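Below is one structure, written out as structure tokens; comments come after it.
Numbered from 1 within each chain, the chains take letters A, B, ... in sequence-line order. Because the structure is predicted, anything quoted here is derived from the model rather than measured.
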Number of protein chains: 2
Amino acid sequence: MRRKVTLKDIARELDVSISTVSKALKNSNEIGRDTRNRIQAFARSHNYRPNNIAVSLKNKKTRNIGVIIPDIVHHFFTTVFRGIEKHANSLGYNVIVCVSDESFDKEVINTELLANGSIDGFIIGLSAETQEKRDYSHLKEVTDQGIPVVLFDRVTDEFPCDKVIIDDEVAARQAVEYLISKGKKRIALFTTAHDLGVTKNRSLGYKKALENHRIPFDKNLVLQLPFQFEEEELSRSFFKEQTFDAVLSVNEIFAVRGMRLAGEFGYRIPEDVSFIGFTDGILSKYAVPSLTSIAQHGEQMGETAARMLIDKIENEYDETDASNYRTEIIEASLIKREST
Amino acid sequence: MRRKVTLKDIARELDVSISTVSKALKNSNEIGRDTRNRIQAFARSHNYRPNNIAVSLKNKKTRNIGVIIPDIVHHFFTTVFRGIEKHANSLGYNVIVCVSDESFDKEVINTELLANGSIDGFIIGLSAETQEKRDYSHLKEVTDQGIPVVLFDRVTDEFPCDKVIIDDEVAARQAVEYLISKGKKRIALFTTAHDLGVTKNRSLGYKKALENHRIPFDKNLVLQLPFQFEEEELSRSFFKEQTFDAVLSVNEIFAVRGMRLAGEFGYRIPEDVSFIGFTDGILSKYAVPSLTSIAQHGEQMGETAARMLIDKIENEYDETDASNYRTEIIEASLIKREST
DNA sequence: CTGTTAGCGCATTCAA
DNA sequence: TTGAATGCGCTAACAG
């Protein structure tokens with residue numbers, strides 16, 4: 001087992017000092033032309049690579065960024081992650097991921113762990129539990145230590161830092177207005193049982209659209225589904241009891257399952273019922289009929305988050321001054337397909 | 001900005017030496033009961049946490065594991081990743097991910113980068129390009145340095161190390177035999193244009209099943225699709241020209257798109273044509289009709305990979321002795337749904 | 001029981 | 001132009 005060669009090894013072999021080697025490898029012209037060449041040649045032929053850990057310790061910079069997301073098996077987050085990873089890599093940063101599994105405790109543990117020197121900054125999508133508890137002390141601890149944090153998608157107004165979101169309210173409103181423009185009058189909303197943050201804003205947008213077009217809001221047209229939507233009875237009775245000609249769903253799955261039920265009930269899509277779903281994922285694209293959906297441009301969101309974070313990492317700023325923090329909004333867009 | 005407190009800080013405050021603090025915090029009974037308490041109390045109240053980087057440098061162990069996957073926006077890999085992450089975390093390891101994007105060069109760069117001290121071991125799914133080039137020198141470099149590597153799913157016989165795979169050949173054979181048992185006689189295979197590794201084994205299993213049941217292999221029943229399957233003409237003419245009563249697809253997408261075409265051609269599923277697809281992802285579950293699929297149990301695969309890797313990290317072994325390496329096979333299973 | 005010393009691999013200041 | 005010395009934060013062997 002060939003051990004890694006260090007500066008010390010090179011110094012010993014070439015009978016110079018460690019600092020000479022260090023400087024020579026940085027091509028410092030403090031070192032003579034010929035010794036520099038000798039050292040560089042030797043280093044190259046012995047495949048010298050600086051030890052990341054030692055460099056980190058010395059420089060107090062790891063060039064790692066920590067990402068904490070609620071769930072990795074989730075198309076949207078995965079997409080954001082890709083954006084982060086690409087941008088970070090292109091600037092010489094590596095990405096350490098931890099998954100909170102929607103748990104507050106895991107989020108806290110992971111944050112603390114990574115904050116102890118492993119990373120230079122965080123990109124976080126808050127867990128559902130954190131959003132419910134509204135406890136952000138772990139984030140405060142981190143920023144107090146001078147570690148910058150960027151929140152994405154799952155954000156909160158109660159913690160000051162850089163954020164990147166899509167305007168869920170506007171996106172929902174526009175989607176519903178699109179349905180209205182197609183002549184739809186009784187538009188249902190499929191949403192989750194708990195609606196916090198993102199989901200809440202989507203509901204607001206839905207209501208706003210109705211309001212703008214003087215369509216009365218009918219709470220009977222709101223179907224709240226448990227997360228995994230396995231309780232099919234709920235939605236089946238909704239289809240039996242309510243009449244509606246369009247559906248806005250806060251996610252793909254509810255929409256696709258809704259379309260299946262619509263089929264069973266003999267409705268034609270989109271003539272009898274139209275569907276629009278949030279999150280333009282693989283399901284929307286390949287469903288039959290394919291689903292009109294709201295693309296959140298996760299990759300762009302990730303890239304933006306990475307850009308904001310690295311900017312904070314590399315430039316001095318006063319973390320107590322709220323005016324240093326911005327919230328970037330990624331435009332959502334409606335991908336029109338067969339379901340409308 | 002409250003800086004992080006270090007051993008040195010505590011030592012200064014309490015007027016003891018750094019090593020005393022270090023030992024006291026490890027609860028070493030080399031240190032007197034009372035000083036130990038004093039130090040521990042101080043540390044707790046000042047929220048002392050050891051600096052990961054310094055510990056890593058000292059111990060030559062990072063407790064990080066490096067994961068390199070071809071694509072993060074891919075349900076199966078994501079699932080494997082979750083398995084890795086969960087298991088690793090439970091044993092106190094963090095995970096650094098890099099994405100190769102199916103590119104050989106990126107795979108090499110990422111491997112080298114992480115190998116320079118950032119991680120204690122690798123879990124890798126080879127990129128398509130690497131499998132084509134059959135160049136594994138970057139892996140060799142890494143293992144030569146004593147860094148263990150575990151390959152998963154995208155593996156190769158040409159590099160000796162621990163591996164975890166599913167037996168794609170057997171899984172495909174069993175799927176086809178299931179179709180045969182349902183009375184199907186003309187079974188088509190939807191596969192990718194290039195078939196290396198995994199895909200190749202699936203094709204072999206397909207042929208093997210036919211052979212076992214004395215059904216002649218008909219190469220006209222093999223449809224090779226470009227990766228994104230956007231060239232719909234190819235498959236449309238396949239549907240026009242060939243007669244078949246079942247399909248085995250090497251992925252979900254080809255299967256689902258096939259089902260849509262079958263619908264357009266007026267075939268009933270599964271009476272006229274049955275479908276089975278590899279990878280039990282979200283599409284299989286929510287497609288209409290839902291797709292019978294081969295579950296690869298990615299999470300279990302990831303967990304196994306993590307277990308094998310951490311075992312190698314924590315225990316001495318001779319990396320030149322091939323008998324130290326094992327290949328674990330994860331059983332695939334057929335999830336029966338409406339499409340068969 | 002406590003402290004001194006050395007060292008992990010590297011960068012950098014200062015002296016020669 | 002080169003090198004000695006110092007330190008990043010922590011651990012551990014050894015001495016007192």
Side-chain angles (χ1 to χ4, degrees), chain A residues 3-40 42-43 46-64 113-120 145-147, chain B residues 3-40 42-43 46-64 113-120 145-147:
Chain A
R3 242 187 66 266
K4 283 230 82 159
V5 29
T6 69
L7 291 186
K8 195 198 238 179
D9 298 330
I10 302 183
R12 185 170 9 83
E13 291 298 317
L14 262 42
D15 207 46
V16 289
S17 83
I18 293 179
S19 62
T20 304
V21 178
S22 174
K23 288 169 189 162
L25 291 179
K26 296 208 131 44
N27 221 343
S28 155
N29 43 357
E30 228 180 295
I31 305 297
R33 255 248 139 287
D34 45 343
T35 28
R36 227 189 302 169
N37 289 144
R38 252 174 72 229
I39 292 174
Q40 288 177 2
F42 186 92
H46 286 67
N47 205 22
Y48 169 79
R49 295 276 182 284
N51 178 313
N52 297 155
I53 296 290
V55 174
S56 295
L57 181 59
K58 181 70 199 171
N59 295 347
K60 309 254 214 155
K61 286 287 167 216
T62 61
R63 293 194 88 81
N64 283 154
L113 204 68
L114 295 185
N116 295 322
S118 299
I119 51 90
D120 296 338
Q145 286 170 38
I147 300 177
Chain B
R3 243 187 64 266
K4 283 231 85 163
V5 29
T6 68
L7 290 187
K8 194 197 238 177
D9 298 330
I10 303 183
R12 185 170 8 81
E13 292 298 319
L14 263 42
D15 207 45
V16 289
S17 83
I18 295 179
S19 64
T20 304
V21 178
S22 174
K23 288 171 190 161
L25 290 179
K26 296 207 131 44
N27 221 344
S28 157
N29 42 359
E30 229 180 294
I31 305 297
R33 257 246 134 292
D34 47 343
T35 27
R36 228 190 302 169
N37 288 141
R38 251 175 70 231
I39 292 173
Q40 288 177 3
F42 187 92
H46 286 67
N47 203 22
Y48 170 78
R49 294 276 182 284
N51 178 314
N52 297 156
I53 295 290
V55 174
S56 294
L57 182 59
K58 180 70 198 173
N59 296 346
K60 307 253 214 160
K61 287 285 167 221
T62 61
R63 293 194 90 79
N64 284 155
L113 205 67
L114 295 185
N116 296 321
S118 299
I119 52 91
D120 296 339
Q145 286 170 36
I147 300 177

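Contacts of B:Asn52 classified as side chain to side chain donor-acceptor pair (under 3.5 Å), with partners at least two apart in sequence or in another chain: A:Ser118. The ring-ring contact (aromatic ring centres under 6.0 Å, His included) test applied to A:Phe42 returns A:His46, not counting sequence neighbours. Residues meeting the side-chain contact (heavy atoms from CB on, under 4.5 Å) test with B:Asn29, sequence neighbours left out: B:Arg36. Residues meeting the salt bridge (Lys or Arg N to Asp or Glu O under 4.0 Å) test with B:Arg38, sequence neighbours left out: none. Applying the salt bridge (Lys or Arg N to Asp or Glu O under 4.0 Å) test to A:Asp120 and every residue at least two apart in sequence or in another chain returns nothing.
Think of the region where chain B sits on DNA chain C: with heavy atoms and a 4.0 Å cut, that region ends 5' and 3' at C:dC1 to C:dG9. Note that the first and last nucleotides of DNA chain D, 5' to 3', having any atom under 4.0 angstrom from a heavy atom of chain A are D:dT1 to D:dG9.
Within residues 25-35 of chain A, the residues approaching DNA chain D are A:Glu30, A:Ile31, A:Gly32, A:Thr35, by heavy-atom distance under 4.0 Å. A heavy atom lying under 4.0 Å from DNA chain C marks the following residues of residues 7-23 of chain B, by number: B:Val16, B:Ser17, B:Ser19, B:Thr20, B:Lys23.
Side-chain contact of B:Lys4 with B:Asn47: a donor-acceptor pair under 3.5 Å is absent, judged by distance alone. Side-chain atoms of A:Thr20 and A:Ser17 include a donor-acceptor pair closer than 3.5 Å.
In the helix from C:dC1-D:dG16 to C:dA16-D:dT1, the terminal helix axes, each the rotation mapping four pairs' C1' atoms onto the next four within five end pairs, subtend 60°, rounded to 10°.
Within the structure, salt bridge (Lys or Arg N to Asp or Glu O under 4.0 Å) contacts touching residues 47-59 of chain B (residues at least two apart or in different chains) are A:Glu112-B:Arg49. Residue pairs meeting the salt bridge (Lys or Arg N to Asp or Glu O under 4.0 Å) criterion with at least one partner in residues 20-33 of chain A, sequence neighbours excluded, are A:Lys23-A:Glu30.
Mapped onto DNA chain C by nearest heavy atom, B:Arg36 and B:Ala54 fall at different nucleotides, with B:Arg36 at the one closer to the 5' end.
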